[in-house]
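I am attaching a structure below and will ask some questions about it afterwards.
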Amino acid sequence: MCGIHVTISPSNPPPLGQDLERRLRNRGPDHLGTVHARLYDAPCPLTLTFTSTVLSLRGDHIAKQPLVDDETGSLLCWNGEAWRIRGEALETSSDTEAVFEWLLDASRRGLVLEALRAIEGPFAFAYFDKPSKCLYYARDRLGRRSLLVKTGDHLTLSSVAESPSDDWIEVEADGCYKVDIGHAQSLHQMTPSRHAWVEDDSLVLGIGLFNTSLPTELSRLCQDSLSVRQLHQHLVKSLETRVLGIPLPPGASNSDARLAVLFSGGLDCTVLARITSEILPPGQSIDLINVAFENPRIASQHRGHSQEELYELCPDRVTGRKSFAELLKTCPGRLWRFVTVNVPYTETRAHRGEIIHLIHPHNTEMDLSIANALYFAARGDGSALVAAGSGPQPYQTTARVLLSGLGADELFGGYGRHGVAFSRNGYAGLMDELKLDVSRLGKRNLGRDDRVMAHWGREVRFPFLDETLVKWAVELPAWEKCDFGSRATGDSNLDPEKRVLRLLAQSLGMPSVAEEKKRAIQFGARTAKMESGKVKGTTSISH
Ligand SMILES: Nc1ncnc2c1ncn2[C@@H]1O[C@H](COP(=O)(O)OP(=O)(O)OP(=O)(O)O)[C@@H](O)[C@H]1O
Ligand SMILES: NC(=O)CC[C@H](N)C(=O)O
C-alpha cells in the first residue's frame, strides 16, 4: 500500500509531524518522496506540497513517487493498483507510470475526467495538472483505498488522519473531485467540484443494472447451473489479476510466501484460497492467517480452560482448522502455512490508541472491534509449522499481498437479514435488500479497513470486488445467487444464503466448507464485547 499527503498553503508548509510521517511510511516502506509545486501566477500565490510513500508491488523497479513530468510540472501520487485501462489489462510493468502517462496525455487533450473514469482497480490518488492548475483526487468507485480530506483553513488530503481530533472526513467514492486552483481568489475558496463516475444513475455503483427478474416455477439453482460455472470463471480471472506476478518480497527466498489469505475458514476466503491454488505456480507457498483473541469476558465464563485452549476454541480457529484440512485434501501438492495469530488482551490494550487513530474518522465500538481483528491479522505475526517433523515455531508472514473474502455477502446474499427480507416480502424484499447492500459497498468500511491493514506495509486485495465480477453479480437474477424460494424443496442440503458460492465450494471438493454458516469477524475472532456483554456496537469509543 502507499501513502498520500497533499497540502495547499501560501508558502512552504512545515515538514510532516513525526507520527504522521511514521504512519505514512508504514503504508509505503520502500520510498518516501516530497515535491513542491509553486504557483506564482495564480490570483493568490501558492505552494502545493505532495508527499508519497511507496509499497512497490508492480514491475521490476520502484516507481518513486510523486511522479513529476519534466515538461509540464504535472505530478501524481498514486495509491493502489490499476488493473485495466479502458477494459484492457496493463501490459507495462509499473501501473503508476502507466497511469501517469495516460493522464498526461489526457491533460494535453483536456480529457482528464474521461481518462480517470476509464481506470479499473482499487485506488486513491491526487493528480495535479499544472498547465490547467487543476488538482484532481478520488477513491475508486468501490472505495477500496483510503483517502481523507480536511477543508477548513486550507485543503489537505491524506491517507491517514494527522490527528483524530481534526475535521477529517473520508473522500466519498462517488466520483472524481476537482479543485480549480488557478481561479480561486483565496485559499478559502478552494471548493472541490464532484464529477460522478458515470452519468447514468440507474447503474448500481456506476457498474451494472440490477437484475429484478423473478424465477419461474422451473428455475432452480444446482451444481450444473450456468451461474455456478460463471462464478468460477469470474473468480479465476479476478484472482489471476491479483495473485500472479507478485514480486518476491525484499530479502525473501523462493520458498517464502508472496501471498497470504486472511483465513477465517469461512466459505468466502476458503473458496478464494482453493482457486488461488489452481492458479499459482506449484512452487509458491501460500500463508493462511487465522487470528484469535483473548477475550476476558469469555475467559471468565470458561475458568477451567488455559488461555492456549481458549484460543483453540475460538470459533474462527475451529473453522479455520477444519477448512484447512479440506484444503490440504483438495490441493495436496501446495505448500500451505496455517499461521495462528493469538492476541493476548494486554496486546489488544497496548495497540488500542494506534488503532483508534488509524480508523478515524470512524469511531464506534463496532469499528474498533472489527479493526482490531484486521489489524492483528494483517500484522501476520504468530506461529506456524515451518519445518516437517517439528512443532509450531514463531513465524511472521513474508507476504506483502493479502486476500480478503469481503464482498461476497453483499453480492450473493449472505447475511441473515437477506433471509428475513425474503420471508417478509418474497423476492421483491430480498432484491431491495441486496440492491441496498451492493450500492453502499463504496460508502461503507473499506477505507477504515485499508488504514488498519496497510499499516503493516501490506496490501489487501478483494477478489470478489473486481469490477467485472461485480457487474456480472449485479446483473444476475437474485434467485441465481441465493434461492431462498427453494428452501422448502429439500433438494439441496445447502443453506440458501450465497448458495451459488456454496455450490461452487461443493463442486471444488469442499463439502464441509460449502455448509459453513456466516460469522462476522468480531464474533469469530472474539474481539467484540471484550469487557462487558452490554456494550452496543453503535456506541462511540470511550477514550
Ligand atoms: N478470524 C479471522 N482471521 C483471519 N481473517 C479473517 C478472520 N475473520 C475474517 N477474516 C477475513 O476477513 C474477511 C471478511 O470478514 P467477514 O466477517 O465479512 O467474513 P465473511 O464475509 O463471512 O467471510 P468468510 O466466509 O471468508 O469468513 C474474510 O473473508 C476473511 O478474509
Ligand atoms: N501499494 C501501492 O499502492 C503500489 C502502487 C503501485 N501499484 C506500485 O506497485 O508501485
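For ligands, and for the atoms within them, numbers begin at 1 and follow the listed sequence. All figures in this text were calculated on a predicted structure; none of them were measured in a lab.
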Go through ligand 2 atom by atom and flag the ones less than 4.0 Å from a non-hydrogen atom of Leu57.
8 (C), 9 (O)

Less than 3.5 Å apart, any donor N or O on the side chain of Ser264 or Asp316 sitting next to an acceptor on the other?
no

Close-contact set for ligand 1 against Asn290 heavy atoms, below 4.0 Å
3 (N)

Go through the side-chain N and O atoms of His302 and Glu309 and say whether any donor and acceptor fall under 3.5 Å apart.
no

Starting from atom 12 (O) of ligand 1, what is the nearest protein heavy atom, named by residue and atom, and what distance separates them?
Ile521 CD1, 4.0 Å

Parallel, tilted or perpendicular: which describes the rings of Phe338 and Phe324, with under 30° parallel and over 60° perpendicular?
parallel

What atoms in ligand 2 come closer than 4.0 Å to a heavy atom of Glu81?
4 (C), 7 (N)

Indicate, as side chain, backbone, both or neither, the part of Cys2 found under 4.0 angstrom from ligand 2 when only non-hydrogen atoms are considered.
both

Return yes when Ser404 approaches ligand 1 closer than 4.0 angstrom through a heavy atom, no otherwise.
yes

Quick one: are the ring centres of His418 and Phe484 less than 6.0 Å apart?
no

Is it the side chain (CB and beyond), the backbone, both or neither of Val341 that lies under 4.0 Å from ligand 1, heavy atoms counted?
neither

Examine the proximity of ligand 1 to Asp316 and report which part, side chain or backbone, both or neither, has a heavy atom under 4.0 Å away.
side chain

Do Ser146 and Arg451 have side-chain atoms, one donor and one acceptor, less than 3.5 Å apart?
yes

May I ask you to check whether Phe123 and Trp78 place their ring centres under 6.0 Å from each other?
yes

Answer with yes or no after comparing the ring centroid distance for Phe50 and His5 against a 6.0 Å cut-off, counting only values under it.
no

Would one find an N or O of Leu267, backbone or side chain, under 3.5 Å from an N or O of ligand 1?
yes

Trp456 and Asp381 side chains, donor-acceptor separation under 3.5 Å
no

Side chain, backbone, both or neither: Asp409 near ligand 1, heavy atoms under 4.0 Å
side chain

Among all protein non-hydrogen atoms, which one is nearest to atom 23 (O) of ligand 1, and what is the separation to 0.1 Å?
Asp268 OD2, 3.1 Å

To the nearest 0.1 Å, how far is atom 31 (O) of ligand 1 from its closest protein heavy atom, and which atom is that?
Leu262 O, 2.6 Å

N/O separation below 3.5 Å, Ala520 to ligand 1
no

Which ligand 2 atoms does Glu459 reach within 4.0 Å, using its non-hydrogen atoms?
1 (N), 2 (C), 3 (O)

for atom 3 (N) of ligand 1, nearest protein heavy atom and its distance come out as Val291 N, 3.1 Å

For a quick check under 3.5 Å, do Tyr345 and Gln307 share a side-chain donor-acceptor pair by atom type?
no

Nearest-contact summary for atom 4 (C) of ligand 1 - protein heavy atom, Å:
Ile289 O, 3.1 Å

With heavy atoms of Arg58 as the reference, note each atom of ligand 2 found under 4.0 Å away.
7 (N), 9 (O)

So, regarding Gln65 and ligand 2 (criterion: nitrogen or oxygen to nitrogen or oxygen, under 3.5 Å), is there a contact or not?
no

Enumerate the atoms of ligand 2 whose separation from the nearest heavy atom of Asn79 is less than 4.0 angstrom.
3 (O)

Is any side-chain heavy atom of Val171 closer than 4.5 Å to one of Leu148?
no

No-hydrogen, no-angle side-chain donor-acceptor test under 3.5 Å, His61 and Glu97:
yes

Side chain, backbone, both or neither: which part of Thr96 comes within less than 4.0 Å of ligand 2 when only heavy atoms are counted?
side chain

Looking only at distance, does Ser56 have an N or O less than 3.5 Å from an N or O of ligand 2?
no

Counting only nitrogen or oxygen atoms and a 3.5 angstrom limit, does Leu55 reach ligand 2?
yes

Between Arg25 and Thr53, does any side-chain donor sit less than 3.5 Å from a side-chain acceptor?
no

Considering only heavy atoms from C-beta outward, does the side chain of Gln284 approach that of Thr276 to under 4.5 Å?
no

Where on Arg145 is there a heavy atom closer than 4.0 Å to ligand 2, on the side chain, on the backbone, on both, or on neither?
neither

Determine whether any heavy atom of Ala408 lies closer than 4.0 Å to an atom of ligand 1.
no

Hey, are Thr319 and Arg519 close enough side-chain-wise for a donor-acceptor pair under 3.5 Å?
yes

Min heavy-atom dist Gly80 to ligand 2 below 4.0 Å
yes

With only distance considered, is Ala377 within less than 3.5 Å of ligand 1 through an N or O on each side?
no

Arg242 and Ser238 side chains, donor-acceptor separation under 3.5 Å:
yes

Per-atom contacts of ligand 1 with Gly405, taking only distances under 4.0 Å to non-hydrogen atoms
28 (C), 29 (O), 31 (O)

Between the side chains of Glu480 and Ser227, is a donor N or O closer than 3.5 angstrom to an acceptor N or O?
yes

Taking distance alone, with N or O pairs closer than 3.5 Å, would you say Cys269 contacts ligand 1?
yes

Would you say Ser264 has any N or O atom under 3.5 Å from an N or O of ligand 1, going by distance alone?
yes

Under 3.5 Å, is there a donor on one side chain and an acceptor on the other for Thr364 and Thr538?
no

Geometric N/O contact Gly524 with ligand 1, under 3.5 angstrom
no

Does a donor on one side chain sit under 3.5 Å from an acceptor on the other, for Tyr177 and Glu172?
no

Tell me whether Lys518 has any N or O atom under 3.5 angstrom from an N or O of ligand 1.
yes

Would you say ligand 2 has an N or O under 3.5 Å from any N or O of Trp78?
no

